[in-house]
Amino acid sequence: MIPKVFKEVIDLGDGREISIETGKLAKQAHGSVVVQSGKCMMLCTVVSNYKQSPVDFLPLTVDYREKFAAAGRYPGGFFKREARPSDGEVLTMRLVDRVLRPLFPKDYHSEVQVMIQLMSHDENVMPDAMAGLAASAAIQLSDFPFECPISEARVGRINGEFVINPTRAQLAESDIDMMIGASADSVMMVEGEMDEISEEEMADAIKFAHEAIKVQCAAQVKLAEAFGKKETREYEGEREDEALEKKVYDMAYDKVYAIAKAGSAKHERTAAFAEIKDGIKATFSEEELADFGDLVSKYYSKAEKSAIRNLTLDEGLRLDGRKTDEIRPIWCEVDYLPSTHGSSIFSRGETQALATVTLGTSRDANKIDMPSYEGEENFYLHYNFPPFCTGEARPLRGTSRREVGHGNLAQRGLKGMIPADCPYTVRVVSEVLESNGSSSMATVCAGTMALMDAGVQMTRPVSGIAMGLISDAESGKYAVLSDILGDEDHLGDMDFKVTGTSEGITACQMDIKVKGLSYEILVNALKQARDGRLHILGKLTDTIQAPNADVKEHAPTMVTRRVPNEFIGALIGPGGKVIQEMQKETETTIVINEDPVTEEGIVEILGVGKKGIDAVMAKIDAILFKPTVGSVYEVKVIKMLDFGAVVEYMDAPGNEVLLHVSELAWERTENVSDVVNMDDVFDVKYFGLDPRTRKEKVSRKAILPKPEGYVARPPRDDKRSGGRDNRGSRDNRGRDDRKPREEKKD
């Protein structure tokens with residue numbers, strides 16, 4: 001029996017639709033939906049254990065995978081099976097996780113798994129823009145305790161007009177690529193890149209996306225009502241003890257407030273807070289701590305958070321003694337590492353990043369092979385966050401999702417300032433050496449300086465800053481914090497990171513934890529962030545004012561050359577012999593690509609030192625050499641023959657032509673060696689193709705004066721007996737009078 005299917009359709013307003021369907025697939029999951037737009041289809045399932053996990057956080061896992069069969073393709077590699085998630089899939093997981101996680105109750109600790117799979121791909125639909133919608137719609141069909149439906153939408157701007165969920169082709173023309181996550185009431189997450197836009201333009205883009213999200217949230221509610229809204233499950237929440245909470249609060253608040261106001265360093269402050277906590281625990285017996293020690297820790301954390309927030313709201317002071325808009329001390333250095341192509345150190349307070357730049361050819365591009373997208377990145381950034389940077393010792397388990405996300409944010413902030421005509425593939429690597437607040441923004445700053453140190457001609461330098469917000473809904477007070485500490489990251493109501501140039505914003509990432517944040521506060525926060533960005537930018541340009549004019553001596557120089565398509569074979573040679581020999585002889589790297597439009601060959605020559613590159617360019621010039629009819633060229637004899645000499649053009653080594661014995665001199669020449677010898681150098685005149693031999697013709701005698709009394713031999717008379725062109729008449733002469741030959745006898 002075909003199951004009953006429930007469906008809701010969302011109109012995107014330009015002829016496109018998104019449908020949400022349930023009831024046909026994955027019915028044993030606690031909630032499942034199929035979301036479709038065009039030919040793009042994704043299945044989302046959600047499951048949550050009924051037993052609470054023995055942890056003090058929500059064990060939520062969001063998993064997004066793209067199946068290669070969805071695009072009619074095979075997975076790459078030896079094992080033809082999807083394996084670990086790609087960076088693109090990890091980034092989509094993070095986008096969904098950041099919106100879902102705050103909407104579960106704080107005391108809900110049952111394991112939750114959200115699985116989203118791309119089952120059918122449409123090249124005109126970017127599936128990551130619908131992943132949040134799919135996840136929320138599936139949760140609405142479950143019995144999970146979840147506050148309200150949410151959705152995510154991508155917004156672009158083409159020719160000044162905002163577009164919801166643009167295609168990849170449209171996105172290439174857009175100056176904004178932002179993903180917004182929100183409920184019907186509040187914006188919760190923003191991430192994206194922009195082409196130096198203003199703070200007001202960014203706020204307008206968020207508003208536009210939010211209006212579309214409201215429609216998507218309403219569709220989820222309708223679908224859940226039609227399907228039959230389930231009763232929210234009951235679960236065992238955390239223990240609470242109001243009397244104990246008040247006791248801990250009274251014991252901790254004033255002490256924490258005093259230490260917070262003292263403006264101490266991270267380790268000193270952490271130790272002082274730990275001492276207060278230990279002192280409070282010491283007032284309880286071992287039996288009491290065994291019974292409710294976890295509550296004591298929980299209530300102490302609440303008291304600590306309250307004291308620090310109130311210090312900022314009431315006195316405008318922060319944990320390290322700064323004012324709300326004050327930036328920590330900064331020092332920078334470039335060219336720190338002697339062997340890299342570019343390097344820099346950026347230190348801001350207790351956060352430090354060491355960035356390196358490596359220059360390469362198109363062969364070094366980062367290849368992206370996903371079912372929904374195939375391409376290459378000629379600029380990419382990798383971010384590493386080792387445990388020692390926070391004073392911890394823990395095992396390394398490969399690249400974390402956090403490292404992928406932070407590196408992607410920094411890359412998006414910088415890539416717009418890499419000029420389109422940059423001949424190199426550029427890789428930036430950021431090693432975070434110390435961390436106490438926004439190492440991703442330190443990566444942007446260090447990356448900018450390292451790129452300029454490497455001689456990459458950035459359009460404009462980029463700086464980045466991490467911001468925070470503390471607000472009190474009852475009093476209406478709020479404080480925007482510039483350059484937040486790690487401790488301030490989790491106690492605020494909004495944390496956001498903004499990168500940009502002197503002209504505008506290039507990338508952002510926001511997580512908004514309070515409902516109904518006004519756009520006025522958002523714009524004010526962005527403007528304060530701009531002041532901070534420009535302050536930091538000044539520190540960067542004080543260290544290195546502009547990109548170095550040239551790459552370093554030990555760094556490779558890149559030269560590109562366009563070659564007509566018909567010469568590519570000669571440049572490569574049989575089996576690659578010519579190009580391989582060139583690379584070996586000149587100690588260069590040569591890469592040949594085809595221009596998809598003109599079909600010309602684009603030759604990239606990468607080498608350290610001018611000598612090798614010049615030698616390759618000379619070889620290419622020789623291969624492309626075309627002599628002009630009537631011109632005189634200097635040649636060298638490279639081979640002696642009985643009927644002439646083979647000569648090589650001095651301007652194009654490797655280009656040879658036969659100088660016939662009859663063109664050596666005006667006098668009759670019996671032996672070639674009577675006139676020229678091996679390695680002789682002289683001039684010849686080029687006549688183009690000889691109409692009789694159909695071969696190129698050059699002449700030495702044509703540029704020599706005729707000897708006195710010289711008489712040219714009369715031209716051959718083709719009509720005389722034996723002439724080739726008279727053969728027909730000769731053969732016919734008397735032919736009819738001849739007797740036929742007698743047949744041979746057997």
Side-chain angles (χ1 to χ4, degrees), residues 265-266 320 322 326-338 340-358 379-386 388-391 402-403 406-418 426-456 458 460-467 482-486 489 497-502 506-509 529-548 552:
K266 176 183 177 180
D320 56 357
R322 285 181 293 149
E326 192 174 347
I327 310 298
R328 287 174 288 177
I330 295 171
W331 68 266
C332 312
E333 183 178 338
V334 296
D335 198 19
Y336 177 72
L337 301 174
T340 61
H341 299 165
S343 65
S344 73
I345 303 172
F346 176 82
S347 287
R348 182 191 59 233
E350 297 167 304
T351 297
Q352 184 180 78
L354 170 65
T356 59
V357 169
T358 307
F379 172 78
Y380 51 99
L381 184 150
H382 292 148
Y383 164 101
N384 297 315
F385 193 85
F388 67 78
C389 72
T390 54
R402 180 183 181 277
E403 288 173 307
H406 280 49
N408 179 68
L409 175 61
Q411 177 177 323
R412 299 179 89 173
L414 289 169
K415 75 175 184 181
M417 292 299 106
I418 306 298
V426 182
R427 181 186 184 227
V428 180
V429 177
S430 172
E431 304 290 347
V432 179
L433 307 181
E434 299 177 40
S435 180
N436 184 15
S438 192
S439 53
S440 63
M441 295 298 94
T443 292
V444 171
C445 298
T448 289
M449 293 187 293
L451 287 165
M452 293 198 290
D453 179 52
V456 176
M458 295 184 71
R460 274 178 289 277
V462 181
S463 64
I465 189 170
M467 306 290 292
S482 297
D483 182 22
I484 58 174
L485 301 169
D489 194 1
K497 304 173 180 70
V498 187
T499 72
T501 68
S502 58
T506 59
C508 75
Q509 183 183 92
R530 183 178 188 275
D531 294 338
R533 279 195 296 106
L534 295 179
H535 169 79
I536 296 169
L537 190 61
K539 298 293 184 181
L540 305 186
T541 53
D542 286 345
T543 304
I544 180 168
Q545 293 185 350
N548 291 330
K552 299 180 185 296

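The shown structure was predicted, so the numbers you read here are calculated from the model rather than taken from an experiment.
Qualifying side chain to side chain contact (heavy atoms under 4.5 Å, CB included) partners for Tyr336, counting only residues two or more places apart in sequence or in other chains: Glu333, Ser343, Ile345, Leu354. Qualifying ring-ring contact (aromatic ring centres under 6.0 Å, His included) partners for Tyr380, counting only residues two or more places apart in sequence or in other chains: His382. Evaluation of the salt bridge (Lys or Arg N to Asp or Glu O under 4.0 Å) rule for Lys552 yields Asp335, Asp453 as partners, not counting sequence neighbours. Under the side chain to side chain donor-acceptor pair (under 3.5 Å) criterion, Asn436 pairs with Glu350, sequence neighbours left out. Applying the side chain to side chain contact (heavy atoms under 4.5 Å, CB included) test to Lys415 and every residue at least two apart in sequence or in another chain returns Glu193, Phe379. Scored by the ring-ring contact (aromatic ring centres under 6.0 Å, His included) test, His535 finds no partners at all (sequence neighbours excluded). A search for salt bridge (Lys or Arg N to Asp or Glu O under 4.0 Å) contacts involving Arg328 returns Asp483, not counting sequence neighbours. Listed by chain and residue number, Tyr383 satisfy the ring-ring contact (aromatic ring centres under 6.0 Å, His included) test with His406 (two or more places apart in sequence, or in another chain). For Ala454, the side chain to side chain contact (heavy atoms under 4.5 Å, CB included) criterion is met by Val357, Val456, not counting sequence neighbours. Residues passing the salt bridge (Lys or Arg N to Asp or Glu O under 4.0 Å) test with Arg460, sequence neighbours excluded: Glu196.
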Worked verdict on Thr351 versus Ser439 for side chain to side chain donor-acceptor pair (under 3.5 Å): CA-CA 6 Å; Thr351 297; Ser439 53; over 6 Å; no
Arg412 vs Thr506, side chain to side chain contact (heavy atoms under 4.5 Å, CB included): CA-CA, chis, key distance, verdict: CA-CA 7 Å; Arg412 299 179 89 173; Thr506 59; over 6 Å; no
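Looking at every heavy atom in both residues, Ala442 comes nearest to Arg348 through N-NH1, 4.1 Å. The shortest non-hydrogen separation linking Ile536 to Cys445 is CG2-SG, 3.7 Å. Closest non-hydrogen pair, Gln411 versus Leu381, comes out as OE1-N, 3.1 Å. The shortest non-hydrogen separation linking Ser482 to Ile327 is CB-CD1, 3.9 Å.
Contact check for Thr358 versus Val429: no side-chain heavy atoms found under the 4.5 Å cut-off. Put simply, the side chain of Ile465 does not reach to within 4.5 Å of the side chain of Ser438, judged on heavy atoms. Proximity of Leu433 to Phe388: side-chain heavy atoms (C-beta onward) are separated by under 4.5 Å at one or more points. Taking 4.5 Å as the limit, every side-chain heavy atom of Gln509 sits out of range of all side-chain heavy atoms of Asn408. Put simply, the side chain of Lys266 does not reach to within 4.5 Å of the side chain of Asp320, judged on heavy atoms.
Defined by atom type and a distance below 3.5 Å, a donor-acceptor pair is missing between the side-chain atoms of Thr390 and Ser435.
One N or O on the side chain of Ser463 and one on the backbone of Arg533 form a donor-acceptor pair closer than 3.5 Å. In terms of modelled atom types and a separation under 3.5 Å, the side chain of Glu403 and the main chain of Phe385 share a donor-acceptor contact. Proximity of a side-chain donor or acceptor of Ser347 to a complementary backbone N or O of Gln352 within less than 3.5 Å is not detected. Side-chain N or O atoms of Ser344 include one that pairs as donor or acceptor with a backbone N or O of Ala446 at under 3.5 Å.
Within the structure, side-chain hydrogen bond (donor to acceptor under 3.5 Å, both in side chains) contacts touching residues 440-450 (residues at least two apart or in different chains) are Ser430-Thr443.
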Cut-off 3.5 Å, no hydrogens considered: what does the side-chain donor-acceptor table look like for residues 538-546, sequence neighbours left out?
| from | atom 1 | to | atom 2 | distance (Å) |
| --- | --- | --- | --- | --- |
| Thr541 | OG1 | Leu537 | O | 3.1 |
| Thr541 | OG1 | Gly538 | O | 3.2 |
| Thr543 | OG1 | Lys539 | O | 3.1 |

